[in-house]
Amino acid sequence: MYSIGINDNLIEDYRNVVTNAILLDETIVKILSDDKLDLESADELLWVHLIPQQYVPYTITETGSYITYDIDENVVIPHNGTRSTYTELTLYFWIFTHKQDALYKGRLRNDILNRELKLLFNDNKNIGIAKNHLLYSKVYSSGNYDYMGRHMAFKITDWADEVRYGKK
């Protein structure tokens with residue numbers, strides 16, 4: 001597991017945690033690789049079918065499913081008169097599947113990937129660094145009618161000091 005706070009760059013650190021969590025999910029790896037990769041070779045998906053920023057290439061040379069994601073960092077200043085601030089991240093996912101490969105074992109790939117991401121990141125302490133809250137999961141059009149998509153967002157709050165700053 002990647003340690004948060006080493007470089008004190010919350011977005012960079014959390015992006016690594018997200019990437020690792022996704023690449024350790026067997027169902028996501030199987031769908032993104034069309035059953036060609038296992039967990040030991042899942043890193044091959046990075047920058048091909050799993051892109052850790054909001055980016056959709058102009059030219060995609062193979063059909064299949066793709067997950068892209070990105071993160072916003074918000075500093076929240078409470079209105080209750082205290083000077084303390086805290087940080088919230090918003091984690092966004094875009095899931096795309098080519099219409100020729102819409103189904104995986106008789107079920108919609110986008111729905112399966114959506115479910116797996118919710119299991120990984122919604123109110124789950126498996127990644128053990130903060131609280132995650134699903135904001136929405138909705139249909140998304142990529143602008144390319146050959147691809148169907150979903151767009152999801154999670155609010156990441158309540159960072160644990162022992163994780164964030166290495167305190168015990």
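- Between Leu117 and Ile95 the shortest side-chain heavy-atom distance falls below 4.5 Å.
- Checked by atom type and distance alone, the side chain of Arg150 never pairs as donor or acceptor with a backbone atom of Asp111 at under 3.5 Å.
- Interatomic distance, OG1 of Thr19 versus CG of Leu46, reported as 6.0 Å (0.5 Å rounding).
- The minimum heavy-atom distance linking Ala153 with Thr90 is given by the pair CB-CG2, 4.4 Å.
- Aromatic pair His151/Tyr136: ring centres closer than 6.0 Å.
- Residues Thr27 and Arg115 approach most closely at CG2-NH2, 4.3 Å, considering heavy atoms.
- Counting heavy atoms from C-beta outward, Arg15 and Tyr69 have side chains that approach closer than 4.5 Å.
- Taken to the nearest 0.5 Å, the NZ atom of Lys118 stands 14.0 Å off from the CG atom of Asn132.
- Inter-residue side-chain proximity for Phe93 and Leu113 is flagged as unmet; no heavy-atom pair is nearer than 4.5 Å.
- To the nearest 0.5 Å, atom OH of residue Tyr104 and atom OG1 of residue Thr97 are 12.5 Å apart.
- The shortest non-hydrogen separation linking Val29 to Leu23 is CG2-O, 3.6 Å.
- Between Trp94 and Asp70 there is a side-chain heavy-atom pair separated by less than 4.5 Å.
- A donor-acceptor pair is defined here as one N or O able to donate and one able to accept, closer than 3.5 Å; no such pair exists between the side chain of His49 and the backbone of Ser33.
- Taking each heavy atom of Leu32 and Ser65 in turn, the nearest pair found is CD2-O, 3.5 Å.
- A chain of hydrophobic side-chain contacts below 4.5 Å, direct or via other Ile, Leu, Val, Met, Phe, Trp or Tyr residues, connects Leu45 to Trp47.
- Between the side chain of Asn110 and the main chain of Met148, a donor-acceptor pair closer than 3.5 Å is present.
- Atom CD in Glu116 sits 12.0 Å away from atom NZ in Lys30 (nearest 0.5 Å).
- Following chains of ILVMFWY side-chain contacts shorter than 4.5 Å, one cannot reach Tyr140 starting from Leu108, and the two form parts of different hydrophobic clusters.
- Although no hydrogens or angles enter the test, the distance criterion places a donor-acceptor pair under 3.5 Å between the side chain of Arg109 and the main chain of Leu103.
- In this structure, Phe154 and Val18 have side chains that are not in contact, with every pair of non-hydrogen atoms separated by 4.5 Å or more.
- To the nearest 0.5 angstrom, Ile67 atom CD1 is 5.5 Å from Ile22 atom CD1.
- Note: Ile156 CD1 to Glu88 CD = 9.5 Å, rounded to the nearest 0.5 Å.
- Leu24 and Val48 fall into different hydrophobic clusters, where Ile, Leu, Val, Met, Phe, Trp and Tyr are joined by side-chain heavy atoms under 4.5 Å apart, directly or via other members.
- Using a 4.5 Å cut-off between side-chain heavy atoms of Ile, Leu, Val, Met, Phe, Trp and Tyr, with links allowed through other members, Met152 and Leu120 fall into the same hydrophobic cluster.
- Scanning all heavy atoms of the two residues, the minimum distance from Gly64 to Tyr147 falls at O-CE2, 4.1 Å.
- Side chain of Ser41 to backbone of Leu37: no donor-acceptor contact under 3.5 angstrom is found.
- Here the side chain of Asn20 pairs a donor or acceptor atom with the backbone of Asn16 at under 3.5 angstrom.
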